[in-house]
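Accompanying notes for the structure given below.
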Amino acid sequence: FGNDVVQTQDSIENFSAKIAAGKKAQLTDDFMIIARIESLILERGMEDALNRARAFVAAGADGIMIPADDLNRIPDEILEFCDKFRAEDSKTPIVVVPSSFNSITENELAAHGVNIVIYANQLTRSAFPAMQQTAEDILRYHRAQEVTAD
């Protein structure tokens, strides 16, 4: 799950250079670079997150993604980031992935300036129990007839 090793972020300068290189190679407006900021997950603080957002937008990022980890089930810090970033930048899209704070609505997120919501794990998590049951039935019956949909 990525939590067995120490998580790190690239330096602001290196990541900005990568964004700028990506924008330089951009062939169409259909290609977007969304800069993911891990500062809050890594407990580097709000100012680090905002400094990165500013630098990444200046480097050409088309959007900012601010994720939360499974330990932060309350969206307060994410919403605070959105409010502060939006107060400085009214145009750059903000992307969130509310996997761990799943009770918040899209309207609530939009009220804090969020433009894009990614439901990254919900389909996989909901499909897993059905896949597990199917595997158990195949093992039980030694064939697939009982699990084949008509």
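No hydrogens, no waters, no symmetry mates; every other heavy atom, side chains included, goes into these values.
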Problem set entry | Validation row: Gln9, Phe15 side chains within 4.5 angstrom (heavy atoms) | no
For this session: Go through the steps for Asp62 and Lys23 under the test side chain to side chain contact (heavy atoms under 4.5 Å, CB included), then give the verdict.
Result: CA-CA 9 Å; Asp62 299 300; Lys23 290 304 287 184; 2.9 Å; yes
Problem set entry | Validation row: Val96, Met65 side chains within 4.5 angstrom (heavy atoms) | no
Problem set entry | Under the salt bridge (charged side-chain N to carboxylate O under 4.0 Å, His left out) test, residues paired with Glu136 that sit two or more places apart | none
Problem set entry | Residues forming a side chain to side chain donor-acceptor pair (under 3.5 Å) with Thr105, sequence neighbours excluded | Glu108
Problem set entry | Within 6.0 Å of CD in Glu43, more than 12 heavy atoms from elsewhere | no
Problem set entry | Check: Leu109 and Leu79 side chains under 4.5 Å, non-hydrogen atoms | yes
Exercise. Once you round to the nearest 0.5 Å, how far does CG of Leu42 lie from CD1 of Ile37?
Worked result: 11.5 Å
Exercise. Which residues pass the side chain to side chain donor-acceptor pair (under 3.5 Å) test with Glu88, sequence neighbours left out?
Worked result: Arg54
Exercise. Restricting to pairs with a member in residues 18-38, which pass ring pair (Phe, Tyr, Trp, His ring centres under 6.0 Å), not counting sequence neighbours?
Worked result: none
Exercise. Do Pro93 and Ile64 come within less than 4.5 Å of each other through their side chains, counting heavy atoms only?
Worked result: no
What donor-acceptor contacts under 3.5 angstrom involve side-chain atoms of residues 113-120, with partners at least two apart or in another chain?
unit_1: Asn115; atom_1: OD1; unit_2: Arg86; atom_2: NH2; d: 2.9
unit_1: Asn115; atom_1: OD1; unit_2: Ile94; atom_2: N; d: 2.9
unit_1: Tyr119; atom_1: OH; unit_2: Glu106; atom_2: OE2; d: 2.8

Problem set entry | For Glu146, salt bridge (charged side-chain N to carboxylate O under 4.0 Å, His left out) partners two or more places apart | Arg143
For this session: Applying side chain to side chain contact (heavy atoms under 4.5 Å, CB included), run through Ile66 and Val95 and close with a yes or a no.
Result: CA-CA 6 Å; Ile66 189 76; Val95 181; over 6 Å; no
Exercise. What distance separates His112 NE2 from Cys82 SG, expressed to the nearest 0.5 Å?
Worked result: 8.0 Å
For this session: Applying salt bridge (charged side-chain N to carboxylate O under 4.0 Å, His left out), name anything that partners Asp89, two or more places apart in sequence or on another chain.
Result: none
Exercise. Pick one: which of Ile78, Leu40, Ile41 meets side chain to side chain contact (heavy atoms under 4.5 Å, CB included) with Pro67?
Worked result: Ile41
Exercise. Does Asp10 have any salt bridge (charged side-chain N to carboxylate O under 4.0 Å, His left out) partners at least two apart in sequence or in another chain, and if so, which?
Worked result: Lys18
For this session: Report the distance from atom CG of Asp137 to atom CD of Gln145, rounding to the nearest 0.5 Å.
Result: 12.5 Å
For this session: Could you tell me which residues satisfy side chain to side chain contact (heavy atoms under 4.5 Å, CB included) with Ala144, sequence neighbours excluded, listed by chain and number?
Result: Val147, Thr148
Exercise. Can you name the side chain to side chain contact (heavy atoms under 4.5 Å, CB included) partners of Ser11, sequence neighbours left out?
Worked result: Glu13, Asn14
For this session: Return the set of residues passing side chain to side chain donor-acceptor pair (under 3.5 Å) with Lys84 (not counting sequence neighbours), or none when no residue passes.
Result: Glu80
Problem set entry | For Ile12, all residues meeting side chain to side chain contact (heavy atoms under 4.5 Å, CB included), sequence neighbours excluded | Ser16, Asn51, Arg52, Ala55, Phe56
Problem set entry | Ser126 side chain to Leu123 backbone, donor-acceptor under 3.5 Å | yes
